[in-house]
A.B. asks: 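Starting off with a structure, shown below.
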Amino acid sequence: MTILDPEPTATAVRRFPDGFLLGAAAAAYQIEGAAHEGGRTDSIWDAFSRVPGAVINADNGDVACDHYHRYRDDVALMKELGLNAYRFSTSWARVRPDGGPVNPEGVDFYSRLVDELLGAGIVPWLTLYHWDLPQALEERGGWANRDTAYRFRDYALSLHDALGDRVDIWTTLNEPWCSSFLSYTGGAHAPGRQDVAAGLAAAHHLMLGHGLAVQALRERDPSLELGITLNLTNAKPVDPTSPGDLDAARRIDGQFNRVFLDPIFRGHYAGDLLADVGHLGLRDVIRPGDLEIISTPIDALGVNYYHGEFVSSLPPEERHGGEAPTERPTRSPFPAAEGVHFHARGLPQTVMGWEVEPDGLRELLGRVHREYTGPAGVRLLVTENGAAYDDEVSPDGAIHDVERTEFLLSHLGAILDAIDEGTPVHGYFYWSILDNFEWAWGYDKRFGIVRVDYDTQERTIKDSGLAYQRVIRHRALPAASAR
Ligand code: FCB
């Protein structure tokens with residue numbers, strides 16, 4: 001049997017549990033376009049895209065996938081694929097331009113999108129913040145300014161005013177690691193600052209904004225399903241017997257995973273993390289009561305998983321991929337990881353230079369369940385996972401993206417492995433439904449299961465999308481041996 005067989009036989013398939021959501025994801029700035037329409041004003045990504053050298057080919061999100069105008073067709077495509085749920089984000093700069101009063105036209109776009117999704121039988125999985133802070137708020141200090149957390153709560157409530165009658169699932173933030181450390185410390189993402197203290201302040205204030213929004217939304221409607229999405233990794237020592245390598249792995253685990261997981265689930269920052277970064281600015285921004293707010297109980301944790309980290313105190317012989325894409329100088333996003341070196345394992349890589357390690361997802365989900373979500377009774381889902389490859393359009397117009405198809409199926413297999421070993425996982429969202437604006441990589445990298453021709457805006461379902469469509473239709477995965 002191959003994955004192209006229409007009806008997998010019972011013996012060669014692995015079934016998803018009832019209620020498991022099979023979906024796909026995208027984010028406002030990466031697909032909407034209409035950057036200067038409908039009352040929207042600049043976000044930090046509009047401003048950053050204008051900085052010379054910040055984004056490959058000086059690309060920007062002005063047009064992107066023109067989803068703002070084509071959302072009906074895009075939802076029809078999602079329905080054709082059979083998606084159970086669509087994870088999208090709302091643009092703060094569209095809903096409350098400049099962080100000011102509510103813009104009815106901006107809210108209306110999301111209201112129409114939600115109606116379209118519900119009409120198609122697709123669960124709207126809403127994320128309030130996928131990195132596009134209004135530029136006007138950045139000019140008042142951005143996430144390094146504590147006040148932004150309170151503005152975020154107000155923005156969340158404005159959207160709830162408009163959509164609360166139809167949207168049940170609310171995610172506060174997508175990947176706060178990126179919107180703090182990569183953006184305020186490393187400088188590779190908007191707003192492009194390179195300041196260790198600002199990155200730590202941003203991380204804490206993002207957490208505070210998350211907690212304030214969860215409290216306020218819960219008060220509005222106790223029946224909402226509230227959560228957050230974190231990008232997490234397995235940080236492994238190159239040599240598990242080397243104290244230097246073990247310390248490198250501990251630092252990366254601390255400054256990537258635990259810096260967010262501990263405050264949310266345990267109401268504290270871990271002692272070792274505070275010893276590493278407390279004096280670099282973190283302690284200065286923690287106020288009494290903050291951690292109680294941040295640890296307000298949530299219902300769902302979304303994990304975004306792309307690759308693991310293999311670290312050592314010794315440099316690798318050859319540099320491995322995945323470095324900053326542009327010529328603009330950037331620095332390490334980690335506040336206190338000088339002397340930590342990232343190694344390749346020799347695994348296959350995507351064109352991002354990210355190593356492909358599906359079993360790492362099984363391992364990561366198991367750890368998160370054991371240490372965090374399980375004890376808290378919080379639903380665990382994979383809210384992003386995907387791969388960029390250099391797609392080719394065949395003469396017949398098809399996109400035979402064999403590597404992406406295998407990536408998708410093998411990671412779904414890893415989730416079933418996790419479930420088999422006792423880790424409850426409730427859903428999976430492939431990143432991304434469409435090729436789109438991949439941040440500092442511009443349009444150079446394609447993650448979609450649907451190809452976008454940026455000249456014509458034509459959409460074509462890739463082979464990976466067709467394979468996913470079959471998986472969703474049968475709610476089953478062909479066994480690896482049968483692929
Ligand atoms: C994640 C982001 C998403 C996309 C993928 C490839 O970190 O959340 O917007 O860029 O990576």
A.B. asks: For Arg331, what residues pass the salt bridge (Lys or Arg N to Asp or Glu O under 4.0 Å) criterion, not counting sequence neighbours?
C.D. replies: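 Salt bridge (Lys or Arg N to Asp or Glu O under 4.0 Å) list for Arg331, sorted by chain: empty.
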
A.B. asks: Run the ring-centre check on Phe334 versus Trp177 and record whether the distance is less than 6.0 Å.
C.D. replies: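 Yes - the distance between ring centres of Phe334 and Trp177 falls below the 6.0 Å cut-off.
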
A.B. asks: Between the main-chain N or O of Asp147 and the side-chain N or O of Asn145, is there a donor-acceptor pair closer than 3.5 Å?
C.D. replies: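 Checking the backbone N and O of Asp147 against the side chain of Asn145, a donor-acceptor pair under 3.5 Å is found.
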
A.B. asks: According to the salt bridge (Lys or Arg N to Asp or Glu O under 4.0 Å) rule, which pairs have a member within residues 128-142, sequence neighbours left out?
C.D. replies: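 Those involving residues 128-142 are Glu138-Arg193.
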
A.B. asks: State yes or no: are the ring centers of Tyr68 and Phe109 separated by less than 6.0 Å?
C.D. replies: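 So the answer is yes for these two rings.
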
A.B. asks: Taking the six-membered ring of Tyr430, is NZ or CZ of Arg404 closer than 6.0 Å to its centre and within 45° of its axis?
C.D. replies: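 Judged by the rule (NZ or CZ under 6.0 Å from the ring centre, within 45° of its axis), Arg404 is not positioned above Tyr430.
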
A.B. asks: Measuring from Lys445:NZ to Asp435:CG, what's the distance to the nearest 0.5 Å?
C.D. replies: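 Reported to 0.5 Å precision, the distance equals 12.5 Å.
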
A.B. asks: Is the Tyr129 to Trp143 ring centre distance short of 6.0 Å?
C.D. replies: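 Yes.
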
A.B. asks: Roughly how far, to the nearest 0.5 Å, is CH2 of Trp45 from CZ of Phe437?
C.D. replies: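 Here the interatomic distance stands at 5.5 Å.
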
A.B. asks: Residues in salt bridge (Lys or Arg N to Asp or Glu O under 4.0 Å) with Asp62, at least two apart?
C.D. replies: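 Listed in chain order: nothing, the list is empty.
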
A.B. asks: So, do Trp125 and Phe429 have ring centers that fall under 6.0 Å from each other?
C.D. replies: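 Judged by ring-centre distance (under 6.0 Å), Trp125 and Phe429 do meet the cut-off.
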
A.B. asks: Rounded to the nearest 0.5 Å, what separates atom CD1 in Ile228 from atom CG in Asn174?
C.D. replies: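 So the CD1 of Ile228 and the CG of Asn174 are separated by 9.0 Å.
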
